[in-house]
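One structure is given here, and the rest of the page talks about it.
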Amino acid sequence: QVQLDESGGGLVQSGDSLRLSCAVSGRTIGGYGMGWFRQAPGKEREFVAFVSWSGAVTYYGDSVKGRFAISRDDAQNTVYLQMNSLKPEDTAVYYCAAAVTTIVPTTPEKYDYWGQGTQVTVSS
């Protein structure tokens with residue numbers, strides 16, 4: 001059983017930074033592409049970032065390019081999302097997900113495992 005546990009969310013002000021963590025248990029993340037999505041109230045789940053199984057490829061949603069950075073530490077079985085220059089429109093529940101794929105998956109159905117999410121709230 002693969003379990004993903006997000007942490008690091010909270011309430012911050014516009015312009016602040018946060019780092020989210022996704023700790024994976026039950027299986028090594030080696031071989032999995034890892035992604036972050038977010039979902040605001042009343043909106044669809046939105047792709048945020050992806051890192052390939054090797055770490056060589058990263059890909060970002062247009063709304064976070066240049067502000068967010070995804071990374072992985074396979075020794076710690078953990079994936080991170082560094083979020084800088086946060087804006088009120090970044091407010092959402094952020095989800096970590098794992099995918100068994102060799103392509104860049106930017107839609108939720110391409111992912112095999114999901115965490116429960118962590119709330120990020122950015123005040124203006």
Side-chain angles (χ1 to χ4, degrees):
Q1 184 76 9
V2 179
Q3 185 170 341
L4 285 71
D5 291 309
E6 302 96 336
S7 62
L11 172 63
V12 296
Q13 294 186 330
S14 182
D16 285 352
S17 298
L18 272 179
R19 189 176 80 155
L20 304 183
S21 299
C22 172
V24 181
S25 59
R27 184 171 294 181
T28 176
I29 63 172
Y32 285 95
M34 302 297 297
W36 286 94
F37 284 75
R38 66 187 182 186
Q39 190 165 19
K43 295 189 176 181
E44 293 186 352
R45 196 162 292 194
E46 176 190 13
F47 170 76
V48 174
F50 170 80
V51 59
S52 65
W53 66 271
S54 67
V57 175
T58 57
Y59 191 76
Y60 297 92
D62 288 342
S63 60
V64 306
K65 279 180 185 175
R67 299 189 297 124
F68 290 12
I70 188 171
S71 62
R72 60 189 296 155
D73 183 342
D74 286 12
Q76 297 295 324
N77 233 33
T78 302
V79 179
Y80 302 98
L81 184 69
Q82 177 66 42
M83 306 186 295
N84 299 324
S85 303
L86 283 161
K87 306 174 182 179
E89 51 264 45
D90 294 318
T91 295
V93 176
Y94 282 71
Y95 297 91
C96 175
V100 181
T101 178
T102 57
I103 63 172
V104 175
T106 59
T107 53
E109 67 274 10
K110 299 252 186 347
Y111 287 79
D112 302 282
Y113 303 101
W114 290 85
Q116 294 299 308
T118 184
Q119 176 71 47
V120 172
T121 304
V122 184
S123 64
S124 57

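- Distance check: L4 CG to Y111 OH gives 11.5 Å after rounding to the nearest 0.5 Å.
- Residue I70 is not grouped with residue Y59 when hydrophobic side chains (ILVMFWY) are merged at heavy-atom distances under 4.5 angstrom, including chains of intermediate members.
- Taking OG1 from T106 and CZ from F50, the interatomic distance works out to 10.0 Å, rounded to the nearest 0.5 Å.
- Put simply, Y60 and V51 are part of the same group of oily side chains (I, L, V, M, F, W, Y) that touch within less than 4.5 Å, one to the next.
- Other residues, nucleotides and ligands contribute over 12 non-hydrogen atoms within 6.0 Å of the CD atom of E89.
- Remark: N84 pairs with S17, Q82 by the side-chain contact (heavy atoms from CB on, under 4.5 Å) rule, at least two apart or across chains.
- Salt bridge status for K87 with D90: absent, with no side-chain N to carboxylate O gap under 4.0 Å.
- Residue pairs meeting the salt bridge (charged side-chain N to carboxylate O under 4.0 Å, His left out) criterion with at least one member in residues 5-34, sequence neighbours excluded, do not occur.
- Linking ILVMFWY residues whenever their side-chain heavy atoms come closer than 4.5 Å, directly or via other members, leaves F68 and F37 in distinct clusters.
- Taking Y80 as the reference, nothing meets the ring-ring contact (aromatic ring centres under 6.0 Å, His included) condition, with sequence neighbours excluded.
- Listed by chain and number, the residues in a side-chain contact (heavy atoms from CB on, under 4.5 Å) with V93 are Y95, Q119 (sequence neighbours excluded).
- Applying the side-chain contact (heavy atoms from CB on, under 4.5 Å) test to S85 and every residue at least two apart in sequence or in another chain returns R67.
- For the salt bridge (charged side-chain N to carboxylate O under 4.0 Å, His left out) condition, no pair includes a residue of residues 109-124, sequence neighbours left out.
- Side chain of D73 to backbone of T78: no donor-acceptor contact under 3.5 angstrom is found.
- For S123, there are no side-chain hydrogen bond (donor to acceptor under 3.5 Å, both in side chains) partners two or more places apart in sequence or in a different chain.
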Donor-acceptor list for residues 40-47 side chains, cut-off 3.5 Å, not counting sequence neighbours:
from: R45; atom 1: NE; to: Q39; atom 2: OE1; distance (Å): 3.2
from: R45; atom 1: NH2; to: Q39; atom 2: OE1; distance (Å): 3.3
from: E46; atom 1: OE1; to: R38; atom 2: NE; distance (Å): 2.8
from: E46; atom 1: OE1; to: R38; atom 2: NH2; distance (Å): 3.4
from: E46; atom 1: OE2; to: S63; atom 2: OG; distance (Å): 3.1

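- For S52, the side-chain hydrogen bond (donor to acceptor under 3.5 Å, both in side chains) test picks out S54, with sequence neighbours left out.
- Note on I103 and V100: separate hydrophobic clusters, where clusters join Ile, Leu, Val, Met, Phe, Trp and Tyr whose side-chain heavy atoms are under 4.5 Å apart, directly or indirectly.
- A distance of 9.0 Å separates CD of Q13 from OG of S124, quoted to the nearest 0.5 Å.
- Qualifying ring-ring contact (aromatic ring centres under 6.0 Å, His included) partners for W53, counting only residues two or more places apart in sequence or in other chains: none.
- L81 contributes atom CG, which lies 11.0 Å from atom OG1 of T118 (distance to the nearest 0.5 angstrom).
- Using a 4.5 Å cut-off between side-chain heavy atoms of Ile, Leu, Val, Met, Phe, Trp and Tyr, L11 forms no hydrophobic cluster with any other residue.
- Using modelled atom types, no side-chain atom of Y113 and backbone atom of Q1 make a donor-acceptor pair closer than 3.5 Å.
- Not counting sequence neighbours, the partners of D74 by the side-chain contact (heavy atoms from CB on, under 4.5 Å) test are I29, R72.
- Nearest heavy atom pair, residue W114 against residue P108, reads CZ2-O, 3.5 Å.
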